[in-house]
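These notes are about the structure you will find just below.
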2 protein chains.
Amino acid sequence: MIAATGSHDLRQSAADPVVHDRIEALLRVRRRRYTPRCREVIDVLASSGRPLTADEVAQAEDSLSISTVYRTTGVLADLGVLRSVAGVDGVSRFELSEALSSHHHHHLLCRQCGLVLDYELPAALEKALHAAALRITRRAGFTGPAERFDIEGLCPTCTELVANP
Amino acid sequence: MIAATGSHDLRQSAADPVVHDRIEALLRVRRRRYTPRCREVIDVLASSGRPLTADEVAQAEDSLSISTVYRTTGVLADLGVLRSVAGVDGVSRFELSEALSSHHHHHLLCRQCGLVLDYELPAALEKALHAAALRITRRAGFTGPAERFDIEGLCPTCTELVANP
DNA sequence: GGTAATCCAAGAACGACTCTCATTCTAGGC
DNA sequence: GCCTAGAATGAGAGTCGTTCTTGGATTACC
């Protein structure tokens with residue numbers, strides 16, 4: 001399943017109330033408040049069908065300054081609420097962690113404009129990949145592995161632009 | 001197979017003469033010289049068992065200034081001689097393209113220090129992944145896909161550091 | 001209501017990378 | 001071997017994404 005194909009717009013719905021509750025609980029443990037700014041960052045990311053750059057998050061909400069977005073995403077990433085996605089354009093993007101968004105997925109990246117979309121793999125293939133990743137990390141002495149099956153290509157918009165410049 | 005496990009040192013051997021010849025031919029078509037600096041960049045990358053940052057390349061050869069490394073790697077990446085690898089630390093690393101290094105591989109990344117190592121997947125799994133990637137990109141309207149099965153974790157050195165700070 | 005902790009915005013600082021420009025090198029013609 | 005045009009080089013300035021700092025605003029808790 002592919003989210004936000006073609007156009008680069010954001011979805012309309014905000015984050016599930018349960019998601020907010022879980023994040024608030026996590027923050028409480030760390031003695032941090034679930035502030036309006038923090039909630040806004042979560043809502044923007046939850047309502048987008050794809051990982052967003054700090055700049056995109058700040059643009060989506062007038063009340064969010066760029067430094068607030070960076071600070072908040074940093075804290076939330078530390079807590080495991082957000083995941084940082086390294087794009088091919090050197091700009092990092094943020095998305096809700098899989099534990100909160102409740103669907104395991106990988107990324108489809110455009111090597112021209114840096115767009116990042118989500119997709120899901122068939123369960124059988126996912127299982128085989130996971131087993132292979134475990135074997136490989138163990139052999140290399142790595143710990144705490146997480147695998148990513150990223151696919152890089154040209155998005156429809158950039159493909160069109162290359163064909164008809 | 002894992003290259004350069006544990007210690008982060010570089011291999012000793014330089015690039016295969018055939019590799020140099022092929023790169024020189026590619027550069028000639030573009031009216032560019034295969035200069036000593038350019039050759040040094042290739043040698044450093046070919047003799048390393050893992051992708052290197054621009055800084056690491058410059059450090060490996062006293063005669064290479066950082067701007068020369070960035071300029072040269074840019075040209076060589078355009079030609080398809082080098083591949084740029086986006087690390088988890090936001091620093092890009094370079095390696096010989098698979099066409100030249102003649103082994104298809106993926107990357108093992110340390111989320112702490114950013115180290116990138118190479119590894120190879122069993123052929124059967126590689127084939128299944130490739131087929132899945134084709135299906136997914138076609139459905140999303142992407143073109144020219146290239147898939148990457150990156151595994152992220154803590155390298156042995158960083159695992160040790162976390163255990164005994 | 002008081003106060004201590006946290007949050008916030010603005011802007012400075014930082015670092016990776018790119019660009020600029022004066023100098024050096026080199027291929028190819030004499 | 002010498003000349004010259006054009007490519008390559010290195011130092012340093014500039015750009016841009018990201019992080020840090022600071023001083024004031026807000027909030028939780030008493």
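To find a chain, count down the sequence lines: A is the first, B the second, and so on, and within it residues start at 1. Not measured: the values here are computed from a predicted model. What's counted below: heavy atoms across the whole structure, side chains too, no hydrogens, waters or symmetry copies.
Using a 4.0 Å heavy-atom distance criterion, B/T53 is classed as making no nucleic acid contact. Within 4.0 Å of B/S63, counting heavy atoms only, lie sugar-phosphate atoms of the nucleic acid but no base atom. When heavy atoms are screened at a 4.0 angstrom cut-off, B/R71 is found touching base atoms of the nucleic acid. B/T35 comes within 4.0 angstrom of the backbone, heavy atoms only, and of no base.
Counting to the nearest Å, the P atom of D/dA11 and the CG atom of B/L64 are 12 Å from each other. Computed from coordinates, the A/L27 CG to C/dT6 C1' distance equals 12 Å when rounded to whole Å. In this structure, A/R39 places its CZ atom 13 Å from P of C/dC8, rounding to the nearest Å. Between the P atom of D/dT9 and the CD1 atom of B/I66 lies a distance of 14 Å, rounded to the nearest Å. Straight-line distance from the CZ atom of A/R28 to the C1' atom of D/dC29: 13 Å, rounded to whole Å. Atom CD in A/E61 sits roughly 16 Å away from atom C1' in C/dC8 (whole-Å rounding). For B/R30 and C/dA27, the CZ to P distance is 20 Å, given to the nearest whole Å. One interatomic measurement links the two molecules: OH of B/Y34 to P of D/dA7, which rounds to 20 Å at whole-angstrom precision.
The listed nucleotides are C/dA27, D/dG10, D/dT18; the one nearest the side chain of A/S92 is D/dT18. Here D/dT18 is the nucleotide among D/dT18, D/dT9, C/dC17 with the atom lying nearest to any side-chain atom of A/A54. Picking from D/dT18, D/dT9, D/dA7 the nucleotide with the shortest atom distance to the side chain of A/Y70 gives D/dT18. The side chain of B/S67 has C/dC19 as its nearest neighbour among C/dT6, C/dA10, C/dC19. Here the nucleotide nearest the side chain of B/R33, chosen from D/dT9, C/dA27, D/dA28, is C/dA27.
Mapping A/C38 and B/R93 onto DNA chain C via the closest heavy atom, the residue that lands nearer the 5' end is A/C38. Mapping B/V91 and A/R37 onto DNA chain C by nearest heavy atom places A/R37 at the nucleotide closer to the 5' end.
Salt bridge annotation for B/R50-B/E56: present, with a cationic side-chain nitrogen under 4.0 angstrom from a carboxylate oxygen. Between A/R83 and A/E98, at least one side-chain N (NZ, or NE/NH1/NH2) sits under 4.0 Å from a carboxylate O, which counts as a salt bridge.
Phosphate contact (OP1/OP2 of C/dT6, side-chain N/O of A/R32, threshold under 4.0 Å): absent.
Atom CD of B/E61 sits in a crowded spot, with more than 12 heavy atoms from other residues, nucleotides or ligands closer than 6.0 Å. Atom CG of B/D78 is surrounded by more than 12 heavy atoms from other residues, nucleotides or ligands within 6.0 Å.
Ring orientation note: the planes of A/Y119 and A/F149 are nearly perpendicular, at an angle over 60° on the 30°/60° scale.
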